[in-house]
Amino acid sequence: MAAPLIQVENLKKYFPAGRKQLLKAVDDVSFSIGRGTTLGLVGESGCGKTTIGRTILGIYEPDGGRVLYDGADLAKLNKAQKKAMTRKMQMVFQDPYASLNPFFTVGEIIEEGLLIHKLYPDKAQRRERVYGLLELVGLNREHANRFPHEFSGGQRQRVGIARALALEPEFLVCDEAISALDVSIQAQVVNMLMQFQREMSLTYLFITHDLSMVRHIADQTAVMYMGKMVEYADTGELYSRPAHPYTIGLLSAVPAADPDYQKSHQRIHLQGEVPSPINPKPGCRFCGRCSKALPRCAEEEPVLKNLGGGHFAACHLL
Ligand code: SF4
């Protein structure tokens, strides 16, 4: 694996949820992302994926653990160092409709970060930079004077990516960045992100509930359930040999390219809803939905076990 750019160690993020209750959105999660690689973070809604992305970016303060960027503990940076770090780490949001200010032109939206960080102080050079970014994402300089509502969903997400790239970041959190787009546009945006990764050595945390797209883009994949990481492996390994019953259930719903594989693998319907992560019960958090649960599963929380070759899973069956 490439040298880690991001290291997340025993990260915890809890939110108060009424009297003496805690919503354990992220509960003791560790992983690293190699420089120039993509980690896919998958799981159903409410499993903590977005909270992890936002805590890495400093939008949320962690309640435990730490995040290292290129070996530096982000919690120990001074104000100036933190500001410099915001240039290196950017986010592409889920909803291209909501994440762009409707009162600003697209040019102003992309220019905003350059002004905040006092880059390109010459106005003409700054405008050229904005035009260059628009062309980079497949738009053109005439688009700079238009407002977000004049664009399609796919074009707006291209604007969001241009805004994220304006500060020449090294690391992008793509939070459900393609979920709101039509399927044909999703592939275009993912291919564009992969091209930028190759050309600019970008590192991605790609957060999604879409397992078919993760297979295409991610080098490693981590599966989250109720604030816990339940499985982590190289993406090819995870998709060909999933070990955790939750991962097996999720993957059984993903259409396979090979019809013989599809016939030989029965679809497993995950029962019920994801329980609330407020004051979770002891034992395995997947226990109430797991068809293979043992008596021990309700009492003892499984820890991640090394299955070899960088493949980890947390289940008492393993
Ligand atoms: Fe199922 Fe038990 Fe494994 Fe949890 S630990 S996934 S309940 S078998």
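First listed ligand is number 1; within each ligand, the first listed atom is number 1. Values reported hereafter were calculated over all heavy atoms of this structure, with side chains retained and with hydrogens, waters and symmetry mates removed. Numbers for residues simply follow the sequence, beginning at 1.
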At distances under 2.8 Å, what protein N, O or S atoms surround atom 4 (Fe) of ligand 1? C284 SG
What orientation do F286 and Y225 show, parallel under 30°, tilted 30 to 60°, or perpendicular over 60°? perpendicular
Atom pairs and distances, side-chain donor-acceptor, residues 304-318, under 3.5 Å, sequence neighbours left out:
from	atom 1	to	atom 2	distance (Å)
K305	NZ	C315	O	3.0
K305	NZ	L318	O	3.2
N306	OD1	G308	N	2.8
H311	ND1	E237	OE2	2.6
H311	NE2	E231	OE2	2.5
H316	ND1	R296	NH2	3.4
H316	NE2	E300	O	2.6

Is E199 atom CD crowded by more than 12 heavy atoms from other residues, nucleotides or ligands, each under 6.0 Å away? yes
Those residues at least two apart in sequence (or on a different chain) that pass side-chain contact (heavy atoms from CB on, under 4.5 Å) with H117 are K83, T86, R87, L119, L167
What residues form a side-chain hydrogen bond (donor to acceptor under 3.5 Å, both in side chains) with Y14, not counting sequence neighbours? D27
Separation between SG of C287 and CD of E299, rounded to the nearest 0.5 Å: 9.5 Å
